[in-house]
There are 2 protein chains.
Amino acid sequence: MSNNDTFIQKLRCSGLRPTKQRIKICKTLFDRNNTFHFSIADLAKILESKSSRKISLATIYNTIHSFKKKGYIKEISITSDKNYYDTNVSNHHHFFNESTNELIDLHDDDVEKVRLKKTLPGKKIKSIEILVKIANNK
Amino acid sequence: MSNNDTFIQKLRCSGLRPTKQRIKICKTLFDRNNTFHFSIADLAKILESKSSRKISLATIYNTIHSFKKKGYIKEISITSDKNYYDTNVSNHHHFFNESTNELIDLHDDDVEKVRLKKTLPGKKIKSIEILVKIANNK
DNA sequence: CAATAGATTAGAATATTTCTAATCTATTTT
DNA sequence: AAAATAGATTAGAAATATTCTAATCTATTG
């Protein structure tokens with residue numbers, strides 16, 4: 001259980017002003033035991049339910065974008081109508097269960113290193129991401 | 001160079017009515033030599049420029065969705081603000097050049113088979129997709 | 001060839017994302 | 001320590017993107 005001061009410190013350290021809105025969003029995202037997969041809509045709904053004063057959607061977007069830029073969350077794109085963010089920013093991949101729309105982390109250790117036979121001269125590789133789409137067996 | 005009749009046949013075979021709108025969209029997507037990576041906005045712009053009668057955006061969405069469902073095109077999600085479709089529906093992966101926003105096919109043969117060390121009981125794997133993000137070397 | 005059932009289109013409604021003027025925060029000046 | 005200032009942040013409004021559904025079109029049947 002982190003208290004607000006922890007978040008205030010961390011925000012300040014990374015050059016983000018610790019506003020009421022950001023602290024509330026930090027608590028929602030990071031004050032939990034497990035990694036959290038969420039869409040903007042999910043987050044907005046949670047914030048709405050736990051908070052008396054409404055945080056505008058624009059602010060939620062702003063905050064998520066700045067947290068992403070700082071590397072506190074990671075964006076995961078699966079289909080055009082499901083854009084998720086992930087509080088687990090370590091190097092990892094994903095299972096996506098098409099039957100349930102559930103997203104499951106797949107650790108880097110769970111996959112043998114990807115080997116490319118093709119290289120592109122003059123380019124550097126920034127990341128290699130694997131998405132394994134699965135479905136329930138009937 | 002395919003003529004309209006080819007598309008009319010193919011649409012009819014797959015249970016889609018060969019309407020004017022769908023034939024125009026088929027010509028734009030499939031009457032070309034190379035595989036085509038596009039967003040809805042790209043497609044709308046092209047259709048607008050080559051066609052006197054405007055096809056509504058809603059119809060473009062409908063058509064792309066039904067073509068996707070029939071397996072004529074594939075959806076590729078890269079970031080929340082870039083959703084592409086691909087006329088190459090064969091099993092393949094992608095390079096995405098972050099410097100230029102360019103999307104490049106990476107054939108299945110160009111990657112050593114991905115081996116998962118972790119399995120999920122009761123689930124079947126539908127697809128494994130790799131996205132390699134690259135950038136220009138300065 | 002008219003009637004009918006059902007598929008398709010596209011305007012309207014809704015949802016999502018971005019823009020920017022007003023507000024707030026932190027720093028500097030007095 | 002308060003006021004002034006610069007610049008960051010918020011959130012309403014504007015812009016974009018997507019979906020819904022009534023009206024239209026297509027194909028089939030009699």
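The structure displayed is predicted, hence computed values, not measured ones. The basis for the numbers below is simple: all heavy atoms, side chains too, and nothing from hydrogens, waters or symmetry mates. Chain naming here is simple, since letters A, B, ... match the order of the sequence lines and numbering starts at 1 in each.
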From CG of Leu57(B) across to P of dA15(C) the rounded distance in Å is 18 Å
Between CG of Leu43(A) and P of dA15(C) the distance, given in whole Å, is 18 Å
Rounded to whole Å, the CG-P distance (Asn62(A) to dA8(D)) equals 14 Å
To the nearest angstrom, the NZ-C1' distance between Lys68(B) and dT19(D) comes to 15 Å
To the nearest angstrom, the CD1-P distance between Ile60(B) and dA17(D) comes to 12 Å
side-chain hydrogen bond (donor to acceptor under 3.5 Å, both in side chains) filter on Lys24(A), not counting sequence neighbours, yields Ser51(A)
With a cut-off of 6.0 Å (strictly less than), are more than 12 heavy atoms of other residues, nucleotides or ligands near NZ of Lys20(A)? no
> When the ring planes of Phe67(A) and Phe30(A) are compared, do they come out parallel, tilted or perpendicular, using 30° and 60° as the limits?
Replying inline: tilted
Side-chain atoms of Arg12(A) come closest, of dT10(D), dA26(C), dG11(C), to dA26(C)
Atom CD1 of Ile40(B) and atom P of dT16(C) are separated, to the nearest Å, by 17 Å
ring-ring contact (aromatic ring centres under 6.0 Å, His included) pairs touching residues 95-138 of chain B, sequence neighbours excluded, are none
Whole-Å distance, Lys70(B) NZ to dA7(C) P, equals 11 Å
_Taking 4.0 Å as the cut-off, does a side-chain nitrogen or oxygen of Ser56(A) come that near to OP1 or OP2 on dG12(D)?_
no
note: Ile23(B), atom CD1; dC25(D), atom C1'; distance rounded to Å ~ 14 Å
Ordered by number, residues from residues 14-22 of chain B within less than 4.0 Å of DNA chain D (heavy atoms) are Arg17(B), Pro18(B)
key: Parallel, tilted or perpendicular, as decided by the 30° and 60° cut-offs, for the rings of His94(A) and His92(A)   = perpendicular
For Asp81(B), report the nucleic acid contact type (base, sugar-phosphate, nothing); a contact means any heavy atom under 4.0 Å. nothing
From the candidates dA11(D), dT18(C), dT9(C), the one with an atom nearest any side-chain atom of His65(A) is dT18(C)
